[in-house]
Amino acid sequence: MAILSGSCRFGLWNVHVSWQDDLVYRVRFAREGIPGPVPEEILRYCAGRPSDLSTLRSVATEGETTFARIYRAVREVPCGETVTYGEVAWMVGTAPRAVGAAMARNPTPLVVPCHRVVAKTGIGGFSPDLAIKEALLAMERQRDVCMPEKGEVNR
DNA sequence: TCCCGCTCTGAGT
DNA sequence: ACTCAGAGCGGGA
(Lines give C-alpha, C1' and ligand atoms only; values in the text may rest on other atoms or scores of the structure.)
Protein backbone atom coordinates (compact mmCIF):
# COMPACT_ATOMS: atom_id res chain seq x y z
CA MET A 1 0.00 0.00 0.00
CA ALA A 2 1.24 3.47 -0.86
CA ILE A 3 2.25 6.17 1.57
CA LEU A 4 -0.62 8.53 2.33
CA SER A 5 -0.45 12.30 2.56
CA GLY A 6 -2.86 14.85 3.91
CA SER A 7 -3.07 17.87 6.14
CA CYS A 8 -5.13 19.22 8.97
CA ARG A 9 -5.43 22.62 10.57
CA PHE A 10 -3.59 23.86 13.63
CA GLY A 11 -4.37 27.49 14.22
CA LEU A 12 -3.17 29.53 11.28
CA TRP A 13 -1.05 26.65 10.02
CA ASN A 14 -1.64 23.46 8.12
CA VAL A 15 0.03 20.29 9.31
CA HIS A 16 1.16 18.11 6.43
CA VAL A 17 1.59 14.44 7.25
CA SER A 18 3.07 11.61 5.18
CA TRP A 19 2.30 8.27 6.74
CA GLN A 20 1.34 4.64 6.43
CA ASP A 21 -0.45 2.68 9.14
CA ASP A 22 1.11 3.77 12.45
CA LEU A 23 4.39 4.87 10.87
CA VAL A 24 4.90 8.55 10.17
CA TYR A 25 7.49 9.58 7.59
CA ARG A 26 7.14 13.31 7.58
CA VAL A 27 5.34 16.13 9.38
CA ARG A 28 5.69 19.76 8.42
CA PHE A 29 3.94 23.05 8.98
CA ALA A 30 2.82 24.93 5.88
CA ARG A 31 0.63 27.86 4.94
CA GLU A 32 -1.46 25.90 2.49
CA GLY A 33 -3.46 22.77 3.15
CA ILE A 34 -3.56 19.70 0.97
CA PRO A 35 -6.40 17.23 0.57
CA GLY A 36 -5.94 13.75 1.95
CA PRO A 37 -6.04 11.65 5.11
CA VAL A 38 -4.24 12.35 8.39
CA PRO A 39 -3.75 9.86 11.24
CA GLU A 40 -6.61 9.96 13.71
CA GLU A 41 -4.42 10.80 16.70
CA ILE A 42 -2.91 13.80 14.93
CA LEU A 43 -6.37 15.00 13.92
CA ARG A 44 -7.50 14.80 17.51
CA TYR A 45 -4.36 16.50 18.80
CA CYS A 46 -4.59 19.42 16.39
CA ALA A 47 -8.24 19.86 17.32
CA GLY A 48 -7.30 20.11 20.99
CA ARG A 49 -9.05 16.86 21.87
CA PRO A 50 -7.53 14.12 24.06
CA SER A 51 -5.02 12.15 22.06
CA ASP A 52 -2.03 9.89 22.48
CA LEU A 53 0.66 10.55 19.89
CA SER A 54 2.81 7.81 21.39
CA THR A 55 0.66 5.28 19.53
CA LEU A 56 2.37 6.47 16.36
CA ARG A 57 5.89 5.60 15.27
CA SER A 58 8.35 7.90 13.51
CA VAL A 59 11.02 6.98 10.99
CA ALA A 60 13.23 9.49 12.83
CA THR A 61 13.65 7.18 15.82
CA GLU A 62 14.92 4.23 13.79
CA GLY A 63 18.58 3.30 13.78
CA GLU A 64 21.49 3.80 16.13
CA THR A 65 22.67 7.22 15.00
CA THR A 66 23.02 9.95 17.60
CA PHE A 67 20.07 11.80 16.12
CA ALA A 68 17.86 8.71 16.39
CA ARG A 69 18.82 8.33 20.04
CA ILE A 70 18.05 11.99 20.64
CA TYR A 71 14.64 11.61 19.00
CA ARG A 72 13.87 8.55 21.13
CA ALA A 73 14.80 10.47 24.29
CA VAL A 74 12.56 13.36 23.28
CA ARG A 75 9.65 10.98 22.77
CA GLU A 76 9.94 10.08 26.48
CA VAL A 77 8.94 13.61 27.49
CA PRO A 78 5.34 13.46 28.68
CA CYS A 79 2.65 15.63 27.17
CA GLY A 80 2.40 18.93 29.01
CA GLU A 81 5.97 18.82 30.31
CA THR A 82 9.24 20.22 29.02
CA VAL A 83 12.95 19.46 29.25
CA THR A 84 15.96 21.53 28.25
CA TYR A 85 18.33 20.85 25.38
CA GLY A 86 21.03 20.26 27.97
CA GLU A 87 18.96 17.64 29.83
CA VAL A 88 18.32 15.71 26.64
CA ALA A 89 22.01 15.92 25.83
CA TRP A 90 22.86 14.52 29.24
CA MET A 91 20.40 11.63 28.80
CA VAL A 92 21.80 10.67 25.42
CA GLY A 93 25.42 11.42 26.21
CA THR A 94 26.00 14.22 23.74
CA ALA A 95 26.20 18.02 23.72
CA PRO A 96 23.36 20.54 23.97
CA ARG A 97 24.12 21.99 20.55
CA ALA A 98 23.81 18.58 18.96
CA VAL A 99 20.31 18.36 20.44
CA GLY A 100 19.44 21.75 18.99
CA ALA A 101 20.66 20.66 15.60
CA ALA A 102 18.63 17.45 15.82
CA MET A 103 15.50 19.39 16.74
CA ALA A 104 16.02 21.79 13.87
CA ARG A 105 16.07 18.87 11.43
CA ASN A 106 13.36 16.81 13.09
CA PRO A 107 11.46 15.25 10.16
CA THR A 108 8.39 14.49 12.27
CA PRO A 109 7.50 17.22 14.75
CA LEU A 110 4.53 16.38 17.01
CA VAL A 111 5.32 12.66 16.75
CA VAL A 112 8.78 13.52 18.05
CA PRO A 113 7.66 16.36 20.32
CA CYS A 114 10.53 18.75 19.75
CA HIS A 115 8.32 21.59 20.98
CA ARG A 116 8.74 20.19 24.51
CA VAL A 117 12.48 20.84 24.38
CA VAL A 118 13.25 24.35 25.56
CA ALA A 119 16.39 26.33 26.33
CA LYS A 120 17.61 26.55 29.89
CA THR A 121 16.83 30.25 29.74
CA GLY A 122 13.81 30.95 27.58
CA ILE A 123 11.83 28.91 25.14
CA GLY A 124 14.47 28.08 22.54
CA GLY A 125 13.72 28.04 18.85
CA PHE A 126 11.26 26.49 16.44
CA SER A 127 10.91 26.67 12.70
CA PRO A 128 9.07 27.71 10.68
CA ASP A 129 7.57 29.89 13.42
CA LEU A 130 8.25 30.13 17.13
CA ALA A 131 4.57 30.97 17.62
CA ILE A 132 3.72 27.36 16.79
CA LYS A 133 5.88 26.11 19.66
CA GLU A 134 4.28 28.58 22.03
CA ALA A 135 0.80 27.55 20.91
CA LEU A 136 1.55 23.83 21.27
CA LEU A 137 2.96 24.26 24.76
CA ALA A 138 0.08 26.49 25.83
CA MET A 139 -2.42 23.97 24.50
CA GLU A 140 -0.80 21.06 26.33
CA ARG A 141 -0.69 23.05 29.55
CA GLN A 142 -4.19 24.39 29.53
CA ARG A 143 -6.46 22.02 27.69
CA ASP A 144 -6.81 18.31 28.30
CA VAL A 145 -5.25 17.19 25.03
CA CYS A 146 -2.98 15.00 27.11
CA MET A 147 -4.32 11.54 27.76
CA PRO A 148 -4.31 10.72 31.46
CA GLU A 149 -1.32 8.58 32.39
CA LYS A 150 -1.89 5.03 33.51
CA GLY A 151 -2.65 5.15 37.22
CA GLU A 152 -3.10 8.89 37.24
CA VAL A 153 -6.74 9.67 37.76
CA ASN A 154 -6.88 13.33 38.55
CA ARG A 155 -4.77 16.27 39.39
C1' DT B 1 37.98 19.66 6.46
C1' DC B 2 35.36 23.57 7.35
C1' DC B 3 31.12 25.71 8.66
C1' DC B 4 26.84 26.10 10.93
C1' DG B 5 23.17 25.26 14.46
C1' DC B 6 16.22 25.63 18.12
C1' DT B 7 23.14 25.54 23.40
C1' DC B 8 25.55 26.21 27.76
C1' DT B 9 28.94 27.91 30.96
C1' DG B 10 32.14 30.91 32.83
C1' DA B 11 34.61 35.19 32.87
C1' DG B 12 34.57 39.96 32.50
C1' DT B 13 32.33 44.36 33.04
C1' DA C 1 22.36 41.91 35.23
C1' DC C 2 24.34 41.76 30.70
C1' DT C 3 27.60 40.50 27.05
C1' DC C 4 30.83 37.59 24.85
C1' DA C 5 33.99 33.90 23.70
C1' DG C 6 34.90 29.33 23.55
C1' DA C 7 33.81 24.54 24.16
C1' DG C 8 31.48 21.16 21.94
C1' DC C 9 28.86 17.31 18.99
C1' DG C 10 26.99 15.96 14.51
C1' DG C 11 25.74 16.59 9.89
C1' DG C 12 26.19 18.39 5.38
C1' DA C 13 28.88 20.56 1.65
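When reading the values below, keep in mind they use all heavy atoms of this one structure, side chains included, and skip hydrogens, waters and symmetry mates. Chain identifiers are assigned alphabetically (A, B, ...) following the order of the sequence lines, protein sequences preceding nucleic acid strands; residue numbering begins at 1 within each chain.
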Remember a base hit wins even if backbone is also touched, and classify A:Ala98 as base, sugar-phosphate or nothing at under 4.0 Å, heavy atoms.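 It contacts base atoms.
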Candidate nucleotides C:dC9, C:dG11, B:dC6, ranked by approach to the side chain of A:Thr65 - the nearest: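 Ranking C:dC9, C:dG11, B:dC6 by closest atom to the A:Thr65 side chain puts C:dG11 first.
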Just how far, in rounded Å, is [atom2] of [N] from [atom1] of [X]?
X: A:Met103; N: B:dT7; atom1: CE; atom2: P; result: 12 Å
X: A:Arg69; N: C:dG11; atom1: CZ; atom2: C1'; result: 14 Å
X: A:Tyr71; N: C:dG11; atom1: OH; atom2: C1'; result: 10 Å
X: A:Arg97; N: C:dA7; atom1: CZ; atom2: C1'; result: 10 Å
X: A:Arg116; N: B:dC6; atom1: CZ; atom2: C1'; result: 17 Å
X: A:Ile70; N: C:dG10; atom1: CD1; atom2: P; result: 8 Å
X: A:Met91; N: B:dT7; atom1: CE; atom2: P; result: 16 Å
X: A:Asp129; N: B:dC6; atom1: CG; atom2: C1'; result: 13 Å

Which distance, rounded to the nearest 0.5 Å, do you find between the SG of A:Cys46 and the CE of A:Met139?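 These two atoms lie 7.0 Å from each other.
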What's the spacing between A:Tyr71 OH and A:Glu76 CD if we round to 0.5 Å?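 These two atoms lie 16.0 Å from each other.
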May I ask you to test the A:Val15-A:Arg9 pair for a side-chain heavy-atom distance under 4.5 Å?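 No; the side chains remain at least 4.5 Å from each other.
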Just so I know, are the side chains of A:Lys133 and A:Val118 near enough to count as touching, which here means a heavy-atom distance under 4.5 Å?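 Yes, side chains in contact.
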More than 12 heavy atoms of other groups within 6.0 Å of A:Leu12 CG: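 No, not enclosed.
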Any A:Thr66 side-chain N or O less than 4.0 Å from OP1/OP2 of C:dG10: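 Result: yes.
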Counting primed atoms, P, OP1 and OP2 as sugar-phosphate and everything else as base, the B/S/- map of nucleotides 8-13 of chain B against protein heavy atoms under 4.0 Å is SS----
pair check: A:Cys146 + A:Cys79, SG-SG < 2.5 Å: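 A disulfide, yes.
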Can you tell whether the side chains of A:Glu62 and A:Arg72 come within less than 4.0 Å, N to carboxylate O?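 So A:Glu62 does not pair with A:Arg72 through a salt bridge.
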So what stems show up for DNA chain B if we need 3 or more Watson-Crick or G-U pairs in a row, all under 3.5 Å?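 Stem segments, range with range: B:1-5 with C:9-13, B:7-13 with C:1-7.
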Is it possible for you to check whether A:Arg26 lies under 6.0 Å from the centre of the six-membered ring of A:Trp19, through NZ or CZ, and within 45° of that ring's axis?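 No, A:Arg26 does not lie over the aromatic ring of A:Trp19.
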Residues A:Glu140, A:Tyr45; criterion side-chain hydrogen bond (donor to acceptor under 3.5 Å, both in side chains); working and verdict: CA-CA 9 Å; A:Glu140 292 187 358; A:Tyr45 182 84; 2.6 Å; yes
